[in-house]
Each structure stands twice: as C-alpha cells, then as structure tokens.
Amino acid sequence: MSAKDGQAGKPQKGITVKKDEDFSAWYTELITKAELADIRYNVKGFIVYRAWATISIKKMYAKYESELEKNGHMPLVMPTVIPERNFFMEADHVEGFAPEVFWVTEAGGEGKKLEERLALRPTSETALYYMYSMWIRSYQDLPFKRYQSCQVFRYEGSMTRPFFRAREFHWIEAHDVFATLDDAKAQVREDMETTYKMLQDEFCIPIIFFQRPEWDKFAGAVHTYAADALLDSGKVIQLPSTHLLGDNFSKPFDVKFINSEGVSEYGYITCYGPAISRIYGAMIAILGDDQGLVLPFDLAPVQVVIVPIYFKGKEQMVNGKCQEMEKVLKEETDFSVKLDDREYITPGEKFNEWEMRGVPIRVEIGPRDIKKEQVVIVTRNPRDKHFIKIDDAVEKIKEIANGYTAKLRDKHLRKFDDLIVMVETIGEAREVIESGHIACIGICSIDMRGYDCAENIEKGTGAFIRGKRVDEESISFERCISCGRPDPVTVYCAKSY
RNA sequence: AGACAGGUGGUCUAGAUUGGUAUGAUUCUUGCUUGGGGUGCAAGCGGUCGCGGGUUCAAUUCCCGCCCUGUCUACCA
C-alpha cells in the first residue's frame, strides 16, 4: 500500500487488491481482513489459525475423517516426539527428512541435555511402524488401517505462506498394512478416489493425479502419487499424496505377519497424507474473488445471514420479521444461521463484510419487503438476487443450498482443461508455462533413466515435471522433448508452490 | 538456504543527507445523526518507533548483530 492510500481516509475493511492483478497481495489481504490467520505470532512459519478459518478447517477434517472411517480406517493418536533411534531406522527416509527436523535436545534445568534427542515428527512412519511391529501378528490382523489427525513440523522453506507452506502444518496421515503388494496397490487407488471425492466434490478444487518421477518420490517410497491443483497464479501446488512403501519400512521396523501357511512375511505398507491446512489455502485461493472468500456451502462458518434493513421508527417491525425468519430457518434446516442485527453499521457495510467472509446466502428483510410479504435472497457466488414470497423463503433457501456447491464445482472444474497445452519443444514449453499454463510433453522415461533429460527440461523451462497422469492419458508424443528418443511417456510440466 | 526491500498506536502511514521520545487516517469507546451496496458530526482511548548491543550529553533516526515480514531464486505436503 502506498503512502497516499494510507492517508486517503477511506475505510479499508474490504479487499482492495484485484486477485488477477496481484495474487500474492490479494491473498495476504484475504488472510488478514477475513480474519483467517494471524501472522503476528512472530515465529517464522508458525501462524495462528483464527476462528473463521478454524471452523471451516474443522468441517474439512470431519468430512475427511468420516470418509476414511467409512473405508475401514480406525483413528489413533501418536505422540508428537519420535526418539532419534526410531527416526534413523530407514536410510532413505532419514536422508530425505533429516535436514527438516526440529530436535528437542534439552529439558528440565538450564542446559540439561536429554540422553536421546527427540524429533518433533515431520511425519509419523517411524513412530507408527515401531508400534505396528508389536500390534500385527497374523494375516488375520490384516488389512490394518489407521489414521491420525495431527500437526507436524518441518524446518524448511524460507518462503512460508499462511496455510500453503508453514513449518507447522495440520494434516491427516493414514498408514495401512497389507498381506500382498496387490492389496497395497488397491489401497493407493482407494486413496486417490478419496482425494477426488474430498477435494473435487466437497472442496471444489480441480486436481490431477500424477505418478511422480523416480527422482521426486517421498523419501523411502517405491512409488509416489500426488494430486496437483492449479492456482490462478499459474502455478500448481501439491495436495494429498499417497505412497506405495512396499516392504521398505516393514523390513527395518520388523512389521511381519504369519500367513495362513504359518510362514512369517513382511507386510506391504501404504501411507496417505492430505495436508488439511494446505488444502484450505488452495481452496480459498482458487475459489476466492475480488470481494473475498467464496466457500462451498458445507464449509461456510455462517451459511445464511439475515440482514435487517432498518428505517427510523420501523426497527421493531423489521426485527420481528427477521427473528421469525431466523427461528423458522433454525427449526426447518440444520444450517448455520446468523441474524446480523447490529444497529451501528449500515446494511451496505454488512453486505460487504459477509461477502468478504464467504457467506453463501444472504436474506434481506426491510419495510418494503414486509409490505409486499417477500424477502430478498442474494447468493454469494454467483451473485444472484431473488425476490421470494416470505412463505416460500425456506424452500428457496434449501434449494439454493443444495445446488450451491455443485455450481461452484462445475465452474472451477471446467477451467482445468483449458490450462493444459501440448508442446513439442522446450522453447514452446517455456512460453506456455510463462503464460500461466501447464505444458504437456513427452519424456523418454520417468525412471532414473530419464533424469538427465528431466534436468535439461526443468532448466530450460524453469518449471518442474510433475509426473505421469494416473487417470486415462489420451495424448501421446513421437519423441522425447529433450533427447529425441522414440516412444516417450506423456508428462506434465508446471511451476509449483 | 541465498539476493534485495522493509518493521513507527489495534491497522495503515509521515518523519531521518538536518539525532532533541512522533504526523495523519482508520479502527475502537461514548453521544447524536443515518439506514435497500462501505453515512456524517463531536469528544475520548490508544505509541518503551521489532529485539539486543555500540557511538553520543541525547538514538525512532547513525553503526553492528539477531528476529520477523514481503518479493524473487534453491527444496517439500
């Protein structure tokens, strides 16, 4: 903000930056003005989640948890700390995560060292599988599916952003053990279905699942599959990922079972990590507009706001009608309804405030409406205005509520396809990426064999190879865009957060 | 992690080549006015000028270190 704006004397309650002009500034304003997070806590990468975000995030957790439980997962809660010797049991895992770990080294008196350092979990494989080896005895115990909702800690990224990237973040992690590799692979597919169901259907975030190249896997995994979402800034962001761990962890952690023939075997493990805080960030970034937040109906902290239009001398009458409306809505629906009867600010100010906060439905009632026995119903996105007979109001609100999320989803799903552009040269790839698109290219391989080409492509385009599409791939190329070898794999290349 | 730019009442901001504890707006509180898309007026509250050290009679201002924020690069969910 310039000095001039600061002195302009205008209220600065609303969003002043256009989303497509300066995405970062827009996002920062949204976070502060809609009271989603507070970054003034003064520890880098650790932010305060404020009420408005916390309510939506809790609803997201609830949906996700119930879906996981429907699929046979049981909940548990692990300690936040992991003893050093557990943490170091799987070599690749350690190599990947060690640089990001916060260590607890002292406790009690000043300078009193712990005998063994404790890691603040960056993820819980090494905590859980230590226990799994004690819990799992026989094939009768399998599949063994557990999840926990928790916070994890990673010392990384100077570029921290509220919700997108923090040093402490909120997620769910599911860790499942199976008797066969095929069962484990089936779990990976289930995780991907869960992701589509949650992110696309419930949160209206368009995603594509990619199998990550060999050089870009989760530390310790056989294969990694990750959902990428595209933000309006033209960059993709990695959302949930599911990992086929095979027996890479079963061996060091001794996760074994006795099969039906009485022979001891190692279990096959998968893990799935939807980072709810990041999903929330991506959701508000994708759905939000110049007015502020736009939320799926189920996730809005307030779903219907009633705004009375007061005129001098008619306050009682207007209030009476509004209270009636509130009461009926609360009786006939389970929506979160708010009557904004503050008398010290104008209706216009209320409209703007609740729109900024993403309330899906607004009901306005004033003297004019009362005379006509109607109410005014306005939806947040798209902004439609309906004049409805007061007796039909509840039905209309239910109808709008039912269709609201689906409308939002359709609007954003369509956008994804337009952003993918097929290209044949690295130069073209660079161009389309710089104009905020995803480049679809051929590369000789996503095994380590393709690593040199990948480096060349990533250097030439300034973007990253996100991997091979997991759903059906209709595009094929003649040659690798880098080395020219025939029969390449079709992959996607984009800038990432 | 690296480069650059910053940090002044709750929020935003002026002030520094000229060192002497600070400008304005907004928020908030009280009262009036107003009210169908961000009303107006009056009064009041609110600041150890990010933290620590140095230079100085005196530091918000100059110097050093640290913390935090932003933008752009390097790695992850």
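Just so it is clear: chains get the letters A, B, ... in the order the sequence lines come, proteins before strands, and each one is counted from 1.
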Taking any heavy-atom pair under 4.0 Å as a contact, classify [X]: base, sugar-phosphate, or nothing.
| X | answer |
| --- | --- |
| A:P367 | base |
| A:R40 | sugar-phosphate |
| A:I237 | nothing |
| A:G45 | sugar-phosphate |
| A:T28 | nothing |
| A:A282 | nothing |
| A:G366 | base |
| A:E353 | nothing |
| A:E364 | base |
| A:F464 | sugar-phosphate |
| A:V376 | base |
| A:F164 | base |

Nucleotide of [options] approaching [X] most closely (side-chain heavy atoms):
| X | options | value |
| --- | --- | --- |
| A:V378 | B:G37, B:U69, B:A77 | B:G37 |
| A:Q238 | B:A1, B:C76, B:A77 | B:A77 |
| A:K44 | B:C68, B:G36, B:A1 | B:C68 |
| A:I309 | B:U69, B:G35, B:A77 | B:G35 |
| A:P347 | B:U69, B:G36, B:U73 | B:G36 |

Q: Establish whether the base of B:G37 is bridged to the side chain of A:E349 by a donor-acceptor pair shorter than 3.5 Å.
A: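 Result: no qualifying N/O pair found.
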Q | B:G37 base / A:R362 side chain donor-acceptor hit below 3.5 Å | A |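 Flag set: donor-acceptor pair detected.
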Centroid separation under 6.0 Å, is that true for the rings of [Y] and [X]?
| X | Y | value |
| --- | --- | --- |
| A:F164 | A:Y27 | yes |
| A:F253 | A:Y130 | no |
| A:F249 | A:Y132 | no |
| A:Y147 | A:H175 | no |
| A:F97 | A:F218 | yes |

Q.
If we check ring-ring contact (aromatic ring centres under 6.0 Å, His included) with A:F163, which of these qualifies: A:Y280, A:Y497, A:F169?
A.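 One option only clears the test, and that one is A:Y280.
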Quickly work out the [X] [atom1] to [N] [atom2] distance and round it to whole Å.
| X | N | atom1 | atom2 | value |
| --- | --- | --- | --- | --- |
| A:D228 | B:C76 | CG | P | 13 Å |
| A:E343 | B:G36 | CD | P | 14 Å |
| A:Y147 | B:A77 | OH | P | 22 Å |
| A:Y497 | B:U73 | OH | P | 11 Å |
| A:K312 | B:U39 | NZ | P | 17 Å |
| A:I39 | B:G10 | CD1 | P | 16 Å |
| A:R368 | B:G37 | CZ | C1' | 13 Å |
| A:D216 | B:C76 | CG | C1' | 9 Å |

Determine which nucleotide pairs with [N], using a 3.5 Å limit on both distances of a Watson-Crick or G-U wobble pair.
| N | answer |
| --- | --- |
| B:G38 | none |
| B:C12 | B:G24 |
| B:U71 | B:A3 |
| B:C66 | B:G50 |

Could you tell me how far [M] sits from [N] if I compare only their [atom1] atoms? Round to whole Å.
| N | M | atom1 | value |
| --- | --- | --- | --- |
| B:U13 | B:A74 | P | 30 Å |
| B:U61 | B:A3 | C1' | 26 Å |
| B:G10 | B:U71 | C1' | 26 Å |
| B:U56 | B:G19 | P | 16 Å |
| B:U21 | B:U48 | C1' | 10 Å |
| B:C12 | B:G6 | C1' | 14 Å |
| B:A5 | B:G46 | C1' | 30 Å |
| B:C68 | B:U8 | C1' | 15 Å |

Short side-chain N/O contact from [X] to OP1 or OP2 of [N], under 4.0 Å:
| X | N | value |
| --- | --- | --- |
| A:Y310 | B:G36 | no |
| A:R167 | B:A1 | yes |
| A:T32 | B:U11 | no |

(Q) Need to verify one output field. Residue with the more 5' nearest nucleotide on RNA chain B, A:A166 or A:R342? (A)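 Nearest-nucleotide comparison on RNA chain B picks A:R342.
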**Q.** First of A:T346 and A:E315 reached from the 5' end of RNA chain B, by closest nucleotide
**A.**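 It is A:E315, whose closest nucleotide lies nearer the 5' terminus.
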**Q.** Ring-base stacking, A:F169 with B:A77 (5.5 Å, 30° cut-offs)
**A.**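 A:F169 ring centre within cut-off of B:A77 base, planes near parallel; stacks.
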Q: Answer yes or no: is there an ion pair linking A:D228 with A:R466, defined by an N-O contact shorter than 4.0 Å?
A: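 Salt bridge present between A:D228 and A:R466.
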(Q) Can you tell me if A:K58 has over 12 outside heavy atoms packed within less than 6.0 Å of its NZ? (A)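 At most 12 heavy atoms, drawn from other residues, nucleotides or ligands, come within 6.0 Å of this atom.
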Q: Tell me whether the guanidinium CZ or amine NZ of A:R154 lies under 6.0 angstrom from the six-membered ring centre of A:W171 and within 45° of its axis.
A: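 Judged by the rule (NZ or CZ under 6.0 Å from the ring centre, within 45° of its axis), A:R154 counts as positioned above A:W171.
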